[in-house]
Trainee: 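Got a structure for you, written out below as structure tokens; questions coming shortly.
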Protein chains: 2
Amino acid sequence: MRLVTIHEVARNAGVSIGTVSKVLNNQGQLRAETRLRVRAAAELLGFRPNDLARSLHRKRTFTIGLVSSDRFGRFSIPLLEGIEDALDSARVAVFLCKPTDDPAHERRHVESLLAKRVDGLIVTSRRTDPRPPLDTLGTSVPVIYAYAQTAGAGATCLLADDEGGGYLAGRHLVGLGRTRIAHITGPERFAAVRERRAGLSRALAGAQVPLDPRLASTGPWSEAWGREAVGRLLDAGPPFDAVFCGSDQIARGVADCLRERGLNVPDDVAIVGYDNWEIVAAATRPPLTTIDPCLHELGQAAASRLLAMIDGDHGPAATRHVVRLPCRLLVRASCGGGSSLKTADRAA
Amino acid sequence: MRLVTIHEVARNAGVSIGTVSKVLNNQGQLRAETRLRVRAAAELLGFRPNDLARSLHRKRTFTIGLVSSDRFGRFSIPLLEGIEDALDSARVAVFLCKPTDDPAHERRHVESLLAKRVDGLIVTSRRTDPRPPLDTLGTSVPVIYAYAQTAGAGATCLLADDEGGGYLAGRHLVGLGRTRIAHITGPERFAAVRERRAGLSRALAGAQVPLDPRLASTGPWSEAWGREAVGRLLDAGPPFDAVFCGSDQIARGVADCLRERGLNVPDDVAIVGYDNWEIVAAATRPPLTTIDPCLHELGQAAASRLLAMIDGDHGPAATRHVVRLPCRLLVRASCGGGSSLKTADRAA
DNA sequence: AAACCAACGGAAAAGCTTTTCCGTTGCAAA
DNA sequence: TTTGCAACGGAAAAGCTTTTCCGTTGGTTT
């Protein structure tokens, strides 16, 4: 695969390689006729400048590494697409890399990325709980944590605002007049679980609606858990007219169980899910009103910020930033209620 | 981010840069003591050879491009992971790139990948139907189509064996003694739909079981369609004791509807799904026996083959290869039946 | 003691582009 | 006609590594 070099273009156009370079980069003082001739030669030969040589010289590769400390899953995808979106317009390419949780493996990948002289790194994970800081092996490549965070000092972390999401859900439900609100969510050990609950509490407190602890339960992030938990409440719990679920999967289980028990959603019980996992939320009967963590936007934001850090070179690297991006309430049918709220409603 | 170069290591170790290179690549004739000294200096300074310079010289970047003509979705993920798996051990990194369906956009991406001198390209898409060949802009980079195909002459395409998958499903059902088998699947225009049906027919024909056309219906790839289609059969169709579904989503709809109509799965009706989309198949009540297209393996195979093409340089590039990789029957509970079959059963 | 060989490691080219610095060339001004 | 300037484009270095080809050095062989 012998590729055309700038030398051949130069020879073909009867100029020096420096001139070719100038033409192709719109630099220097050249006659229009010369530019045309060189361009024609380049076109004819199908010349494509070698980015390796170019980057070697410019000390910038227009390349970043995405290290996802977890398997690619439903959270990584919108994130990834957001990142691609933002980078694509800056003509920056992304190296994918999927280390396992094994730190040695991660290290090896970072090593390889650094050898390739990526301009920056984005770290993501499935869980939003703190992870050990990425070891950049003594270099000072800009790093940004997207939908991931670390306790490290100078780290910039972009997260979804789980507390705000919980608040949005709560406010929506009380706004619709619900007063006995159950909360069925994931394992207590997840920070997201605790924060979403805090947001819910804040919303209810603001409306003088009590949060009955007997109506709150934690368990796995699964449909089966949703069915089981709501079944228990129906069997032995106090009455309730709404359920805020920790995930759309849980919400789906809740909806299925309620329907099978003869209850109507949303008339008897309103449901708010979490994640806006389209394929689940839209297929549920009725389709789920849910909290959308806006991961696409989060990905875009992460990428833009990284780009800024790369350009700024010596940005505010020393200070730690944890930024929470707002979630969005996406109204479908599971709460009834106005299409007036739509998606415009954002957390503070 | 001034990085350490081989010169600094050389100075530090009191040798020439050539010697450093030899040490780090285990080449040449050097005293053990020298090797040690150089290694120590490199370690001390945290030297990391610049892959740009290295690749420039070696004419090999250990980098490939993954162009996914479709959004990253549930099919791309296992594929991607398989690819990563195979490439990781060869220490090859992958550039992600997600052109839209716009050919100009795709072209721009390929352009950029070629400028980065990727050693090869993998093309994937969500649908398995033929796509236009990837324009490699006059170069001869090895290209492989994974879970995608093109009519182009010298193309190598790796696909899942849909016909074989349909056959597996059919054989499993007749093996369990089912004789009135319905088929609810996706839109007719998908090649996969037609091929899976052909496989089903072959299996039934082999067992002298008729395929009643009144029991076959096509529609969207959705749960709702599964519910609707099976509902219609219950209302107005001939009796049936099994349903082979075109996707797990459809199968889930079928299972939900049957249960709600008071029928037992698998006692009254057995169900086989398609895709082994874990999160759906395992959450269905009962968990779905399904056809697993083995996309992880397909990804691995695609990557290994690409690697071989890269190494072989002038491989069998001129001939067209379309390879169908076998699917696997994954037994859960929706057909009852033996755990004896398990996953060992593969298409011919 | 002369000749030779093995072991060791240095010098330099190659790989491809960008960019700075200068040298020409042609024309206008004095 | 000479001087000067602007426009144009070439030469060469820089960016970093790998690899080939040689030159030294010290010891062995006869």
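Numbers restart at 1 for each chain; the letters A, B, ... are given by sequence-line order, proteins then strands. Hydrogens, waters and symmetry mates are skipped; everything else that's a heavy atom, side chains included, is used.
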Trainee: Please report, rounded to the nearest Å, how far the P atom of D/dT17 is from the NZ atom of A/Lys116.
Mentor: 14 Å
Trainee: Between atom NE2 in B/His57 and atom P in D/dG15, what is the gap in whole Å?
Mentor: 19 Å
Trainee: Between A/Asp51 and B/Arg117, does at least one N-O distance fall below 4.0 Å, as a salt bridge requires?
Mentor: no
Trainee: To the nearest 0.5 Å, what is the distance between NZ on A/Lys116 and CZ on B/Phe62?
Mentor: 8.5 Å
Trainee: Tell me: CD1 of A/Ile17 to P of C/dA14, nearest whole Å?
Mentor: 14 Å
Trainee: Looking only at side-chain N and O atoms, does A/Thr5 come under 4.0 Å of OP1 or OP2 in C/dC16?
Mentor: no
Trainee: So, taking the atom named CG in A/Leu30 and the one named OG1 in A/Thr19, what distance separates them when rounded to the nearest 0.5 Å?
Mentor: 5.5 Å
Trainee: NE2 of A/His7 versus C1' of C/dT18: gap in Å, rounded?
Mentor: 12 Å
Trainee: Give a yes/no answer on whether the side chain of A/Asn25 brings an N or O atom under 4.0 Å of OP1 or OP2 in C/dT18.
Mentor: yes
Trainee: Taking atom OG1 of B/Thr139 and atom CD of B/Glu111, what is their separation to the nearest 0.5 Å?
Mentor: 10.0 Å
Trainee: Would you tell me if any nitrogen or oxygen in the side chain of B/Lys59 comes within less than 4.0 Å of OP1 or OP2 on C/dA14?
Mentor: no
Trainee: Within this structure, what is the CD-to-P distance between B/Glu33 and D/dT25, rounded to whole angstrom?
Mentor: 18 Å
Trainee: Using a cut-off of strictly less than 4.0 Å, decide whether B/Ser16 has a side-chain nitrogen or oxygen near OP1 or OP2 of C/dA11.
Mentor: no
Trainee: Under 4.0 Å: is that the gap between some side-chain N or O of A/Arg31 and OP1 or OP2 of D/dG9?
Mentor: yes
Trainee: Starting at atom CD of B/Gln29, determine the distance to atom P of D/dT25, rounded to an integer number of angstrom.
Mentor: 19 Å
Trainee: Taking only Lys NZ, Arg NE, NH1 and NH2, and the carboxylate oxygens of Asp or Glu, determine whether A/Arg108 and B/Asp88 approach each other closer than 4.0 Å.
Mentor: yes
Trainee: Mind calculating the distance between NZ (B/Lys22) and P (D/dT18) to the nearest angstrom?
Mentor: 12 Å
Trainee: Within the 4.0 Å heavy-atom criterion, would you say B/Thr34 contacts the bases, only the backbone, or no part of the nucleic acid?
Mentor: sugar-phosphate
Trainee: Closest nucleotide of DNA chain D for B/Ala53 versus for B/Gly18: which of these residues is on the 5' side?
Mentor: B/Ala53
Trainee: Over all strands shown, is A/Leu56 touching base, sugar-phosphate only, or nothing at heavy-atom distances under 4.0 angstrom?
Mentor: base
Trainee: To the nearest Å, how far apart are A/Gln27 CD and D/dG10 C1'?
Mentor: 17 Å
Trainee: Check the phosphate of D/dT18 against B/Ser21, side-chain N and O only, distance under 4.0 Å to OP1 or OP2. Yes or no?
Mentor: yes
